[in-house]
Asker: 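Attaching a single structure in structure tokens format; questions to follow.
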Amino acid sequence: MKRPIGFIDSGVGGLTVLKEALKQLPNESMIFLGDSARCPYGTRPKEEIRQYTLEMVQFLLQKNIKMLVIACNTATAAALADARERYWIDAGIPVVEVITPAARQSVIATRNHHVGVIGTKATIQSEAYLRALAAVPGLTVSQQACPAFVDFVEAGVTTGEEIEAVAREYLTPLKEAGVDTLILGCTHYPLLTGVIGRIMGERVTLVTSSEATANVTYNEL
Ligand code: DGL
């Protein structure tokens, strides 16, 4: 049997990455683990996120994965360095993440050189996107944590007045700041593209990690 590519997320969000990977690699075997029992990760301390992430990887290693995709920004921000050292350097299993691919795509997309980033509290506080974009000359980056978004998505609520009101509160400062490109820096957020797009307006390009991460997975294979 073909060894699978393993995907992990704190919940259902990673399926947005898996879906793109299935499109680009239709003949690969893939296995997905979403830790919905302990979701959200984004409000937890870094050490706890790191521990949960490595536990998920351990589980997938028992399924004999040949490559790991951390389809979660929060887990990437907290545990990428450890995961790469333990599994890629020590065990030869390539570890793909979601932050660099999205950051790169935002640089290609922006015209006014002002990029917005939304993510969980842990991702925003980690400043992982600021570091990923730090070397781009003349780029302004505005960040905003959107802690309630993941709960809505996990509850299956992606439309309606309540999510619109919350999204308006989170996104208005970014819109007023003049970003022309917005990184959806959480793999749950593509499921809120409708409401986010409506509030940001059609002149703002929404960037997700899904497609670009699938490209990186393909290249790594
Ligand atoms: N899907 C995760 C991400 O990309 C976060 C969800 C959570 O807070 O657990 O950041």
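Whatever order the structure lists them in is the order used to number ligands and atoms, beginning at 1.
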Asker: Considering only the protein, which heavy-atom contact is closest to atom 2 (C) of ligand 1, and what is its distance?
Answerer: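 Here the closest protein heavy atom is Cys72 SG, 3.2 Å.
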Asker: Please evaluate residues Glu164 and Arg198 with respect to the criterion salt bridge (Lys or Arg N to Asp or Glu O under 4.0 Å), reporting the C-alpha separation (whole Å), side-chain torsions for both, the decisive distance (0.1 Å), and the verdict.
Answerer: CA-CA 9 Å; Glu164 287 247 352; Arg198 195 162 111 114; 3.0 Å; yes
Asker: Look at atom CD of Glu20 and say whether more than 12 heavy atoms of other residues, nucleotides or ligands are closer to it than 6.0 Å.
Answerer: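 Correct, the count exceeds 12.
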Asker: Where on Val150 is there a heavy atom closer than 4.0 Å to ligand 1, on the side chain, on the backbone, on both, or on neither?
Answerer: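 The answer is the side chain of Val150.
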Asker: Below a 4.0 angstrom heavy-atom separation, can you tell me which part of Val98, side chain or backbone, both or neither, approaches ligand 1?
Answerer: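 Neither part.
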Asker: Taking atom CD of Glu48 as the centre, report whether more than 12 heavy atoms of other residues, nucleotides or ligands fall under 6.0 Å from it.
Answerer: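 Yes.
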Asker: Take atom CZ of Arg111 as the centre, draw a 6.0 Å sphere, and report whether it contains more than 12 heavy atoms from other residues, nucleotides or ligands.
Answerer: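 Counting neighbours around CZ of Arg111, more than 12 heavy atoms of other residues, nucleotides or ligands fall under 6.0 Å, so yes.
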Asker: Please say whether Asn73 places an N or O atom under 3.5 Å from an N or O atom belonging to ligand 1.
Answerer: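 N/O-N/O distance below 3.5 Å exists for this pair.
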Asker: Assess whether atom CZ of Arg104 is packed by more than 12 heavy atoms of other residues, nucleotides or ligands within 6.0 Å.
Answerer: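 No, because the 6.0 Å sphere around CZ of Arg104 holds 12 heavy atoms or fewer from other groups.
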Asker: What's the shortest distance from atom 1 (N) of ligand 1 to any protein heavy atom, and which residue and atom give it?
Answerer: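 The closest heavy atom on the protein side is His188 ND1, 2.7 Å.
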Asker: Give the atom numbers and elements of ligand 1 that come within less than 4.0 Å of a heavy atom of Cys186.
Answerer: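 The atoms of ligand 1 under 4.0 Å from a heavy atom of Cys186 are 1 (N), 2 (C), 3 (C), 4 (O), 5 (C), 10 (O).
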Asker: Report yes or no: does Gly119 have a heavy atom closer than 4.0 Å to ligand 1?
Answerer: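 Under 4.0 Å: no for Gly119.
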Asker: For ligand 1, is there an N or O atom under 3.5 Å from any N or O atom of Thr120?
Answerer: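 Not met; the criterion fails.
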Asker: In terms of residue, atom name and distance, what is the protein heavy atom nearest to atom 8 (O) of ligand 1?
Answerer: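 Looking at atom 8 (O) of ligand 1, the protein heavy atom closest to it is Gly42 N, 2.8 Å.
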Asker: Identify the protein heavy atom lying closest to atom 6 (C) of ligand 1, giving its residue, its atom name and the separation to 0.1 Å.
Answerer: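 Closest protein heavy atom to atom 6 (C) of ligand 1: Ser10 OG, 3.1 Å.
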Asker: Enumerate the atoms of ligand 1 whose separation from the nearest heavy atom of Asp9 is less than 4.0 angstrom.
Answerer: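 Result: 1 (N), 2 (C).
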Asker: Check each heavy atom of Cys39 against ligand 1 and say whether those closer than 4.0 Å belong to the side chain, the backbone, both or neither.
Answerer: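 Side chain only; the backbone of Cys39 stays clear of ligand 1.
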Asker: Which ligand 1 atoms does Tyr41 reach within 4.0 Å, using its non-hydrogen atoms?
Answerer: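 Near Tyr41, meaning under 4.0 Å from one of its heavy atoms, ligand 1 has 7 (C), 8 (O), 9 (O).
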Asker: If you draw a 6.0 Å radius around CD in Glu55, do more than 12 non-hydrogen atoms from other residues or ligands fall strictly inside?
Answerer: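 Correct, the count exceeds 12.
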Asker: Answer yes if the side chains of Thr100 and Glu97 hold a donor-acceptor pair under 3.5 Å, and no otherwise.
Answerer: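 Yes.
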Asker: Return the closest protein heavy atom for atom 5 (C) of ligand 1 as residue, atom name and distance.
Answerer: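 Among all protein heavy atoms, the one nearest atom 5 (C) of ligand 1 is Thr74 OG1, 3.4 Å.
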Asker: For Glu28 and Arg3, run salt bridge (Lys or Arg N to Asp or Glu O under 4.0 Å): C-alpha distance rounded to whole Å, both residues' side-chain angles, the deciding distance at 0.1 Å, then the answer.
Answerer: CA-CA 8 Å; Glu28 286 295 327; Arg3 289 175 72 192; over 6 Å; no
Asker: Around Gln24, counting heavy atoms of other residues, nucleotides and ligands shown, do more than 12 lie under 6.0 Å from its CD?
Answerer: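 Yes, the 6.0 Å shell around CD holds more than 12 heavy atoms from other groups.
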Asker: Does Pro40 come within less than 4.0 Å of ligand 1, judged by its heavy atoms?
Answerer: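 Distance cut 4.0 Å: Pro40 passes for ligand 1.
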Asker: Any salt bridge between Arg50 and Asp82, counting N to O under 4.0 Å?
Answerer: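 A salt bridge is present here (some side-chain N lies under 4.0 Å from a carboxylate O).
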Asker: Is Thr43 in polar range of ligand 1, meaning some N or O pair under 3.5 Å apart?
Answerer: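 In this structure, Thr43 places no N or O atom under 3.5 Å from an N or O of ligand 1.
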